[in-house]
Enquirer: 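Okay, handing you the structure first.
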Amino acid sequence: MPAQKARWALGILRRRGVSAVAPHVAGRIGAIAGVTEVQVELLGERLTAGQLSGMRVLPDPWPLAEDEARTARSATPHAAERVLLGAALSVSDRIDVLLSATGINAGVLTSVAIRAALRFSQGRYEFVSERARSSAIATADPRETDEMHHALALAHRRLGLASAAWHAFRAGRGDARRMSRDLVVLGERLLGGGNAEAAYRVAQAVDDDADPAVRAQAALLRGRAAIALGCLDDARDDYTRAAGAGNPVEIRDAALRGLASVTAYVDGPPAGDDPFQRQDGQRRALEAAVGSLADREVKSMIDATSGAWWTTPEEVDAMLAGLALSLVPAPPSRPWSLGTGSLTPLVEAYARGVLILFLLHADRPREAAPVLLDALARLPLTHVLGGVAHSAIGALARIQPGIDEFRASFEEICPDAPVRYEIDRNLVGETTAAASQGASVGPSRTVAIRTAGVLTSRETDVFEHVIRGLRNRDIGARMSISERTVEVHLTSIFRKLKVEGRSELIAKAFAQQEVVDAVPQQVHAS
């Protein structure tokens with residue numbers, strides 16, 4: 001589970017005297033493939049203070065390669081070296097791309113050297129450990145790296161992948177100005193698909209040889225991607241660059257709005273006693289963090305919910321339930337995704353913060369706890385709603401083991417004046433148990449759907465993951481089954497429940513939900 005990995009990494013870093021580590025950064029470190037305690041300590045030394053606090057974008061690859069990796073490489077067959085370098089550099093995880101770029105016989109993939117570093121499944125590959133990937137990149141000769149990027153660009157083009165532009169640029173062949181324009185277009189597509197981290201790296205690659213207007217566009221794109229990641233120091237730097245004299249007026253205006261948003265997050269929401277009013281004060285700053293198509297939809301839902309709070313509070317419950325069920329987490333940073341259904345991290349963090357705040361004020365702490373614990377380990381919550389999660393940690397520490405371990409991180413990072421409140425508000429409408437479905441921490445039993453006797457236990461698990469918005473690949477990873485097996489279960493579920501697809505399944509689940517009664521508990525924030 002993400003929270004367990006975050007607590008594990010955070011504990012190691014604190015024992016080594018590393019402070020001001022954002023919970024979601026600890027979660028990223030703990031989730032690194034094959035990471036060991038020694039490597040966590042190494043990252044604590046090699047990452048900057050800004051990266052550890054979540055204020056600057058994390059590196060790629062992780063700085064884990066060590067000198068002895070060069071010795072190990074000398075004993076690796078040349079064909080295997082080429083495959084590992086191609087796998088490490090490629091922004092796709094497709095085996096056909098790798099074979100096309102390296103030009104080697106597929107039989108090489110079965111060699112001992114390759115099997116020790118890569119896993120293969122369903123036409124895809126992944127590194128057994130991040131150290132293997134970082135070592136492959138760190139130990140390669142620069143000319144080999146350039147040649148591999150060129151080969152990857154050709155392979156991506158042959159298969160019609162837009163990410164060919166990235167590899168072409170990295171290969172350094174062709175007209176630099178035209179390739180820089182192509183990079184900005186690719187970065188916009190990545191951000192539109194929810195992959196803000198990849199968008200940032202693409203925009204970061206645009207150099208001084210680019211046309212001045214393209215450089216300004218790239219700086220603005222970096223600022224937008226950085227704020228979407230919650231990396232506020234990087235966002236401030238890049239927005240300042242984009243707002244510079246001589247840049248097009250529309251870019252300068254957008255950059256100035258972005259700078260105002262960064263300030264709103266760093267300073268926290270306006271002063272006041274009512275946390276919902278303070279939430280409304282910061283909500284306007286969320287606009288600059290909207291990057292993906294899914295972000296725009298969720299932002300509209302948040303706006304509508306915030307308006308209903310003051311006018312028709314009896315509608316808030318149903319609106320927030322719909323919001324919770326619509327949240328699709330950001331895709332992994334690699335492989336690069338050009339889909340359109342995912343949120344960027346800061347927008348999801350804000351949406352989770354709204355749900356947590358609502359559930360606490362609705363006296364549903366046992367539903368708020370798993371949402372908070374999951375969000376802490378994945379999302380940049382330290383500045384959202386002025387540190388609302390800090391108060392929530394205090395409110396929920398008694399009923400959710402492990403939450404209090406993150407308190408010190410918030411005290412070191414969140415705004416000087418975080419939201420403080422006592423949970424004593426009652427809503428007019430029914431309180432929503434469906435909001436807790438937003439937590440991706442395993443099947444929740446808070447909402448009992450009428451599937452007993454219809455679905456098998458395995459199908460029920462798949463069903464419950466689907467209604468929380470998880471994709472087939474993510475469901476397979478959580479259940480330790482293949483993506484194809486997930487598809488087989490879904491086909492059976494659709495047939496048994498007489499629905500045509502995912503959307504109809506979610507709608508039917510929401511319509512048939514039966515909220516399990518829970519004993520109300522009055523909880524007070526510290």
Side-chain angles (χ1 to χ4, degrees), residues 5 28 31-36 39 60-62 64-65 69 72-73 75-140 144-145 147-164 166-167 195 198 331-339 458 462 465 470-490:
K5 294 176 180 178
R28 283 285 299 273
I32 294 172
V35 70
T36 65
Q39 290 169 349
D60 180 57
W62 292 94
L64 289 173
R73 187 174 189 265
T76 304
H78 178 71
E81 285 179 9
R82 184 170 173 78
V83 170
L84 293 177
L85 179 60
L89 294 176
S90 180
V91 296
S92 168
D93 64 348
R94 288 171 49 169
I95 294 175
D96 54 350
V97 170
L98 185 60
L99 291 175
S100 177
T102 55
I104 53 92
N105 186 298
V108 174
L109 300 183
T110 65
S111 68
V112 174
I114 295 297
R115 287 290 183 179
L118 297 177
R119 279 192 292 258
F120 302 98
S121 176
Q122 304 289 313
R124 309 276 177 171
Y125 68 84
E126 64 178 345
F127 276 88
V128 171
S129 72
E130 178 61 23
R131 184 172 179 277
R133 177 173 176 259
S134 61
S135 295
I137 295 173
T139 59
E144 290 179 320
T145 300
E147 288 172 4
M148 181 53 66
H149 274 301
H150 178 61
L152 286 166
L154 296 177
H156 278 65
R157 284 201 190 102
R158 280 193 289 269
L159 294 166
L161 301 178
S163 42
W166 165 256
H167 290 298
N195 199 331
S333 57
R334 297 180 71 90
W336 289 2
S337 169
L338 292 171
R458 209 68 163 148
V462 171
H465 283 307
L470 294 184
R471 297 167 296 180
N472 290 0
R473 186 176 184 179
D474 297 326
I475 295 171
R478 290 177 186 279
M479 296 180 61
S480 300
I481 58 178
S482 71
E483 192 171 348
R484 174 59 185 155
T485 302
V486 174
E487 292 171 359
V488 171
H489 285 314
L490 272 177

Enquirer: Can you name the closest pair of heavy atoms from Tyr125 and Ser92 and give their distance?
Expert: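 Heavy-atom minimum between the residues: OH-O, 3.0 Å.
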Enquirer: Looking at residues at least two apart in the chain, or sitting in another chain, which of them share a side-chain hydrogen bond (donor to acceptor under 3.5 Å, both in side chains) with Ser100?
Expert: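 Listed in chain order: Arg158.
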Enquirer: When rounded to the nearest 0.5 angstrom, what distance separates CD in Glu147 from CZ in Arg82?
Expert: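 These two atoms lie 7.5 Å from each other.
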Enquirer: Can you tell me how far the CZ atom of Arg28 sits from the OG atom of Ser333, to the nearest 0.5 Å?
Expert: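 Interatomic distance, Arg28 CZ to Ser333 OG, rounded to 0.5 Å: 5.0 Å.
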Enquirer: Take Asp96 and Leu159, measure what side-chain contact (heavy atoms from CB on, under 4.5 Å) needs, and give me the verdict at the end.
Expert: CA-CA 9 Å; Asp96 54 350; Leu159 294 166; 4.0 Å; yes
Enquirer: Can you list, pair by pair, the side-chain donor-acceptor contacts under 3.5 Å of residues 110-118, counting residues two or more places apart and other chains?
Expert:
residue : atom : partner : partner atom : Å
Thr110  : OG1  : Gly107  : O            : 2.6
Ser111  : OG   : Val108  : O            : 2.9
Ser111  : OG   : Ile114  : N            : 3.4

Enquirer: Can you list the steps and then say if His465 with Met479 is a side-chain contact (heavy atoms from CB on, under 4.5 Å)?
Expert: CA-CA 10 Å; His465 283 307; Met479 296 180 61; 3.9 Å; yes
Enquirer: Please determine whether side-chain contact (heavy atoms from CB on, under 4.5 Å) holds for the pair Ile481 and Arg458, giving the CA-CA distance in whole Å, both sets of side-chain angles, and the decisive distance to 0.1 Å.
Expert: CA-CA 11 Å; Ile481 58 178; Arg458 209 68 163 148; 3.2 Å; yes
Enquirer: Partners of Glu487 by side chain to side chain contact (heavy atoms under 4.5 Å, CB included), sequence neighbours excluded?
Expert: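 Side chain to side chain contact (heavy atoms under 4.5 Å, CB included) check on Glu487 returns Asn472, Glu483, Arg484.
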Enquirer: Can you name the closest pair of heavy atoms from Gly86 and Leu98 and give their distance?
Expert: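 Scanning both residues completely, I find the closest heavy atoms to be C-CD1, 3.6 Å.
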Enquirer: Sequence neighbours excluded, which residues qualify as side chain to side chain contact (heavy atoms under 4.5 Å, CB included) partners of Ser121?
Expert: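 With sequence neighbours excluded, Ser121 shows a side chain to side chain contact (heavy atoms under 4.5 Å, CB included) to no residue whatsoever.
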Enquirer: For Pro335 and Asn195, work out which heavy atoms get closest and say how close.
Expert: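 It is O-ND2, 4.1 Å.
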Enquirer: At what distance, to the nearest 0.5 angstrom, does CZ of Phe127 lie from OG of Ser134?
Expert: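 It is 9.0 Å, given to the nearest 0.5 Å.
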Enquirer: Which pair of heavy atoms, one from Ala140 and one from Leu85, lies closest together, and at what distance?
Expert: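 Heavy-atom minimum between the residues: CB-CD1, 3.7 Å.
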Enquirer: Do the rings of Trp166 and His149 sit parallel, tilted or perpendicular, given the 30° and 60° boundaries?
Expert: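 Trp166 vs His149 ring planes: perpendicular.
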Enquirer: At their closest point, which heavy atom of His167 faces which heavy atom of Ala153, and how far apart are they?
Expert: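 Looking at all heavy atoms of both residues, the closest pair is CB-N, 3.6 Å.
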Enquirer: Out of curiosity, Asp93 CG to Arg124 CZ, how far, rounded to the nearest 0.5 Å?
Expert: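 Atom-to-atom, Asp93:CG and Arg124:CZ are 5.0 Å apart.
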Enquirer: Where do Lys5 and Ala31 come nearest, in terms of heavy atoms and distance?
Expert: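 For Lys5 and Ala31, the tightest heavy-atom pair comes out as CD-CA, 3.9 Å.
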Enquirer: Does the side chain of His156 reach to within under 4.5 Å of the side chain of Val97, using non-hydrogen atoms?
Expert: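 Yes; the side chains approach each other to less than 4.5 Å.
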Enquirer: Once you round to the nearest 0.5 Å, how far does CD1 of Ile32 lie from CH2 of Trp62?
Expert: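 Spacing of CD1 (Ile32) from CH2 (Trp62) equals 4.5 Å.
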Enquirer: Could you work out, with salt bridge (charged side-chain N to carboxylate O under 4.0 Å, His left out) as the rule, every residue matching Arg119, not counting sequence neighbours?
Expert: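 Result, salt bridge (charged side-chain N to carboxylate O under 4.0 Å, His left out) vs Arg119: Glu126.
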Enquirer: Tell me every residue that passes salt bridge (charged side-chain N to carboxylate O under 4.0 Å, His left out) with Asp60, counting only those two or more places apart in sequence or in another chain.
Expert: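 Salt bridge (charged side-chain N to carboxylate O under 4.0 Å, His left out) list for Asp60, sorted by chain: Arg133, Arg334.
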Enquirer: Supply the atom-to-atom distance Ile95 CD1 to Ser90 OG, rounded to the nearest 0.5 angstrom.
Expert: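 If we round to the nearest 0.5 Å, Ile95:CD1 and Ser90:OG are 11.5 Å apart.
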